[in-house]
Structure formats: structure tokens, C-alpha cells
Amino acid sequence: MEHVQILIIGSGPAGYTAAVYACRANLKPVLYEGIQPGGQLTTTTSVENYPGFPQGIEGYDLMEEMRKQAEAFGTDMRSGIAVKTDLSQAPYRVWFDDGSEMTADAIIIATGATAKYLGLEDETKYNGIGVSACATCDGFFYRKKTVAVVGGGDTACEEAHYLSHLADQVYLIVRKPFLRASKIMQDRVLNSDKIKVLFQTETEGLFGEGHLEGAHLVEHTAEGDRRYDLAIDGFFLAIGHQPNSGIFKPWVETDETGYIKTQGERPLTSVPGVFAAGDVADPLYRQAIIAAGSGAKAAIEAERYLASLK
Ligand code: NDP
């Protein structure tokens, strides 16, 4: 069975950055790119908050550049998905979707998180042309426009608040008769002139010619359901993220949502030699630059760990 010093699972900013650092430490990393090579950023349009690109850069191009950099230093890049792990003892064992297996002295988990969608066909149809799951990434394109945010938690309230500084009108579509967000976020939303909360309302579909023009909504009232169309230019999902931590859960500690727990500033998991970087361990920020930084940290920690084994 193939054995490597360091295996990186995941190919977003965290995985690629970890690979660059690991290569430069001469650790000859193997990186598995996973279900969506390049990660979440490949699905967004222009990235304008990643330093070094004053004109912004397309998410896909940014990830291509990171990939090339990781390859240039010697990363052994593989396409494939890790489907099972055994982290009960070192060397750690990983199985892939093509049936192959590998053992590794150290592992960096950089599998990211996946934004939850409602599951409507129209979400796919208008993805990138009106539908987004990241206001920080895409809000800028909706300056002086009308947008809707779906969700009633802290993320939804934060996104609605963020968008209210850009858009002319923000609707918050909440399926319950109340918000579940923290009090401070609720106050911010409810006291904003620009945000209108649509309680007990769900989205049945989206419409528009070539781009998003509106949503088919249903409001559940005591008198019955009231269906109507709301004109909007942007539709933002904020109903939570799912960290891609399933195959590690039997071994590493996670929080109740599934985010891998790390030790404060350090990307150490509960298993020695197994590190977690990027969104899979970050319920708070979920930003590319932060994922890249934590990837660097994870590689530095892995280098130290491997040196300690000698
Ligand atoms: P939450 O799980 O807290 O909230 C999800 C929201 O989306 C809920 O209002 C939920 O409705 C709604 N929702 C879920 N599925 C659907 C659906 N299919 N259709 C319509 N609505 C749906 O997720 P968040 O991402 O908001 O927060 C996750 C965690 O991160 C929380 O603990 C939060 O406090 C924390 N957080 C903290 C922040 C901060 O402190 N600054 C910022 C952001 C998040 P329902 O209530 O009906 O289930």
C-alpha cells in the first residue's frame, strides 16, 4: 500500500496553501482535490477581497493560480475523493473513491464546507446570475438593487445587514414567525429601514428571462396560504453551511454542527498528526484569506510534528 509523509485532503485555498508550505519544507505532499477541485471559490464570480489583486480576480482563476503554485513546488496532485478514514493509530489510513488506499504519517484536512440550498431547481438555473450563497463575495454586484436573503439565523441576519449597506432594499425571507438569530442581530435587522422581514414565508420558485427577476413566495397566514411574486435582482441563501467532515467524525472531535474542533489559534485536531484548516474547522469567518492562512499554519504544524517523530 502506498505510504506518504503528508496527505492533504481538499483543494480550496486551505489545501493549496498547505501544499505550497509543505513542498517548501520538502515534505513531498500528496493532495487529493475532492468533489469540487478548487473548492467553493470556483463557483463565485469576481473575488475582490483577496489581497494582491487590486482589480479583483475571478474565483476560478484565483484557484487555478493557487493550484499552479502548489504544483510548481512539487505537489503530487491527484483527482479523487477520500471516502473513508481510519485515524485510530498512525500511520493513518485513507480510502479513495477509485478503490485505492494510502497511509500517511500526517494528514491535513481541508475539505471545506458546503452552503446549504433549499433544493429548488431554479437555484441551479440562476446560480451565479442572481442566486448566491455568499453576500460577502457577491453583494457588491447588487449595489442599489433589490435583494432577498433566506434564513432567520445569525448568518442570514448578518448577510441582510451587510447587503443593506449596498442594496436599496433587502427582504429577509423567514419560514418561522420569529428569528432564531442572537438578539443583537435581530435588533439590527428589525431596526433597519432597508430590511423588511417576511415572516412565515417560503420560496416556491424563482423566475426571470436570462437573469433573476423575482421569486414566487408563499406566506402562511392564519387565513390560509397567500401566494405572490416578489421582484428581486438577487437571492441569497443563508440557511447554514455543512462542514465536509463526515469521514473524519468517528475519529476527530467536532462541534454539534460538525465543524472540526481545533485548539485555539492552532489547527491541531484531537488526533496527533491530523490537522484541520479552512472552512471545515471555521464556523465563524469562512473567508478565502483566512482559509489560506490556516492552511499555512497546518503545514507548519505538520512539519514540526513530523520532525518530532524522528
Ligand atoms: P442556523 O442553523 O442558526 O440558522 C439557519 C436558519 O435558516 C434558520 O432560521 C432556519 O430556519 C433557516 N432554514 C434552514 N433550512 C431552511 C429551509 N430549508 N428553508 C427556509 N429556511 C431554512 O445557521 P446560521 O448559519 O445562521 O448559524 C450557524 C451557527 O453559527 C449558529 O450557531 C450561529 O449563531 C453562528 N453564527 C454566529 C455568528 C456570529 O456570532 N457573528 C455569525 C454567523 C453564524 P428555522 O429557524 O425554521 O430552523
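These figures come from a predicted structure and were not determined experimentally. Remember, it's 1-based here, ligands and their atoms both numbered in the order they're listed.
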Practice problem: Kindly write out the residues that satisfy side chain to side chain contact (heavy atoms under 4.5 Å, CB included) with Ala156, not counting sequence neighbours, or none if the list is empty. | Solution: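 So Ala156 forms a side chain to side chain contact (heavy atoms under 4.5 Å, CB included) with Val149, Leu172, Ala238.
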Check ligand 1 against the protein and report each N/O to N/O distance under 3.5 Å, formatted as atom name, atom name, distance.
{"residue": "ligand 1", "atom": "2 (O)", "partner": "Arg180", "partner atom": "NH1", "Å": "3.4"}
{"residue": "ligand 1", "atom": "9 (O)", "partner": "Gly152", "partner atom": "N", "Å": "2.8"}
{"residue": "ligand 1", "atom": "9 (O)", "partner": "Gly153", "partner atom": "N", "Å": "3.3"}
{"residue": "ligand 1", "atom": "11 (O)", "partner": "Arg175", "partner atom": "NE", "Å": "3.3"}
{"residue": "ligand 1", "atom": "25 (O)", "partner": "Thr155", "partner atom": "OG1", "Å": "2.6"}
{"residue": "ligand 1", "atom": "26 (O)", "partner": "Asp154", "partner atom": "N", "Å": "3.2"}
{"residue": "ligand 1", "atom": "26 (O)", "partner": "Thr155", "partner atom": "N", "Å": "2.9"}
{"residue": "ligand 1", "atom": "26 (O)", "partner": "Thr155", "partner atom": "OG1", "Å": "3.2"}
{"residue": "ligand 1", "atom": "34 (O)", "partner": "Asp154", "partner atom": "OD2", "Å": "2.6"}
{"residue": "ligand 1", "atom": "41 (N)", "partner": "Glu158", "partner atom": "OE2", "Å": "2.8"}
{"residue": "ligand 1", "atom": "46 (O)", "partner": "Arg180", "partner atom": "NE", "Å": "3.0"}
{"residue": "ligand 1", "atom": "46 (O)", "partner": "Arg180", "partner atom": "NH2", "Å": "3.3"}
{"residue": "ligand 1", "atom": "47 (O)", "partner": "Arg175", "partner atom": "NE", "Å": "2.8"}
{"residue": "ligand 1", "atom": "47 (O)", "partner": "Lys176", "partner atom": "NZ", "Å": "2.9"}
{"residue": "ligand 1", "atom": "48 (O)", "partner": "Arg175", "partner atom": "NH2", "Å": "3.0"}
{"residue": "ligand 1", "atom": "48 (O)", "partner": "Arg180", "partner atom": "NH2", "Å": "2.4"}

Quiz prompt | Atom OH of Tyr21: over 12 foreign heavy atoms under 6.0 Å | solution =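 For Tyr21, atom OH is not crowded (no more than 12 foreign heavy atoms under 6.0 Å).
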Self-check item: Leu118 atom CG, neighbour heavy-atom count above 12 within 6.0 Å
Solution: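 Check passes, neighbour count above 12.
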Quiz prompt | Any pair counted as ring-ring contact (aromatic ring centres under 6.0 Å, His included), so long as it reaches residues 204-240, sequence neighbours left out | solution =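 Qualifying pairs: Tyr142-Phe236, Phe207-His216.
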Exercise. Report whether Phe248 and Tyr92 are members of the same hydrophobic cluster (ILVMFWY, side-chain heavy atoms less than 4.5 Å apart, transitive linking).
Key: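 Phe248 clusters together with Tyr92.
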Quiz item: What residues form a salt bridge (Lys or Arg N to Asp or Glu O under 4.0 Å) with Arg78, not counting sequence neighbours?
Solution: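 Arg78: salt bridge (Lys or Arg N to Asp or Glu O under 4.0 Å) contacts with Glu2, Asp76.
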